[in-house]
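Notes to accompany the following structure.
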2 protein chains.
Amino acid sequence: MSAPEVPVRRQTRQRTAVLALLEELDGFRTAQDLHALLRERGDAVGLATVYRALQALVDDGLVDVLRSEDGEAAYRRCSPVHHHHLVCRSCGTTVEVADPPVERWAARVAAEHGFADVQHQLEVFGTCRACAQR
Amino acid sequence: MSAPEVPVRRQTRQRTAVLALLEELDGFRTAQDLHALLRERGDAVGLATVYRALQALVDDGLVDVLRSEDGEAAYRRCSPVHHHHLVCRSCGTTVEVADPPVERWAARVAAEHGFADVQHQLEVFGTCRACAQR
DNA sequence: CGCCTGTGTGAGAATGGTTCTCATGACCAC
DNA sequence: GTGGTCATGAGAACCATTCTCACACAGGCG
Ligand SMILES: [Mn+2]
Ligand SMILES: [Mn+2]
Ligand SMILES: [Zn+2]
Ligand SMILES: [Zn+2]
């Protein structure tokens, strides 16, 4: 075993801007979206830097990443405790949901088949009330 | 409403080869993998055709598609009834699992938040017994 | 059987999200 | 303040997937 990786994160204007933008948005946004939004409001950040900032935030557990159907990654500021998402297909609005039963179920099913180091991935998609009325 | 789309699927050597290969494999494979395997064993198929055949199989519900962490799509011959997967991160071996409780849970949580047209996506990842011993 | 025609095929180009390169900029511990 | 790392950004590179389009062929019909 080597010493635990402790990547020193410097606080820069760019990383602050990316996180601040995510804070005021709800719903998942792509890196390209965030890059365009930052450019519009004046405090521009390089596209590569947006990707690097998002990756750091994901590593630190501050942001969740979701793969859309066409393979594009979408990011969202998230609470640090394990949870899942109820996402509107139309407007992207997201609700965080906890699910104790599934946690137990996943562990049990995996154990029955001899699997170890179990993780799971659960997302629920639908149309929110606002979008359904439109 | 127009007439329901009934795409006529012609039976070709290429489509037969792709499906046959998926039949004898267990675990998810990428389109690139399948293309390379077909090339190795002699009955080559164009890469674009592999993608088209896989898409048709997905549309017909004969194959499930999964997005790996790096965004690459992986395909597997699957039973036609709704189910989820227990996948080995190391060797790709897959077990199909049913999960009635989660079906109900997803529907209930979505309804509580006013969401309609609900779908869900659930995958469990782990290390299978064989890979754990290695 | 052969024809005909709308599909399917494949080599290569194009697409587009993401990552890499590398010269330059700027945190921040000391 | 200074220095040594780490971060940044413009552009190139990467690479899975899709598109293009000329050509092949599955398969219904006569
Ligand atoms: Mn969970
Ligand atoms: Mn289910
Ligand atoms: Zn909505
Ligand atoms: Zn395994």
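Numbers restart at 1 for each chain; the letters A, B, ... are given by sequence-line order, proteins then strands.
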Can any side-chain N or O of [X] pair as donor or acceptor with the backbone N or O of [Y] at less than 3.5 Å?
X	Y	result
B/Arg67	B/Glu72	no
A/His84	A/Leu122	yes
B/Gln14	B/Val50	no
B/Thr127	B/Cys131	no
B/Thr12	B/Arg10	no

Item to check | Given DNA chain C, 5'-ward residue of the pair B/Val50 and A/Gln32, judged by closest heavy atom | outcome: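 With B/Val50 and A/Gln32 compared, the 5'-side residue is B/Val50.
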How close or far is atom [atom2] of [N] from atom [atom1] of [X], stated in whole angstroms?
X	N	atom1	atom2	value
A/Arg9	D/dT5	CZ	C1'	15 Å
B/Leu54	D/dA16	CG	P	15 Å
A/Asp70	D/dC19	CG	C1'	16 Å
B/Arg15	D/dA24	CZ	P	19 Å
A/Arg29	C/dG17	CZ	C1'	18 Å
A/Asp59	D/dC6	CG	C1'	16 Å
A/Leu57	D/dA7	CG	P	13 Å
B/Tyr75	D/dA16	OH	P	12 Å

Less than 4.0 angstrom between a side-chain N/O of [X] and OP1 or OP2 of [N], yes or no?
X	N	answer
B/Thr30	D/dA16	no
B/Thr12	C/dT9	yes
A/Tyr51	C/dT18	yes
A/Arg13	D/dG9	yes
B/Gln14	C/dG10	yes

Between [options], which nucleotide gets closest to the side-chain atoms of [X]?
X	options	result
B/Leu47	C/dT18, D/dT17, D/dA7	D/dT17
B/Arg10	C/dG12, D/dG27, D/dA16	D/dG27
A/Glu72	C/dG17, D/dA7, D/dG9	C/dG17
A/Thr49	C/dT18, D/dT8, C/dA11	D/dT8
A/Ala48	C/dT9, D/dA16, C/dC20	C/dC20

Checklist entry - Under 6.0 Å between ring centres, would you say that holds for A/His35 and A/Tyr51? => result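 So the answer is no for these two rings.
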Checklist entry - Can you find a donor-acceptor pair, distance only, under 3.5 Å between A/Arg52 side chain and C/dT19 base? => result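 Check fails, no donor-acceptor contact within cut-off.
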Next on the checklist: By the 4.0 Å heavy-atom rule, please label A/Gln11 as base, sugar-phosphate, or nothing.
Outcome noted: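 Result for A/Gln11 = sugar-phosphate.
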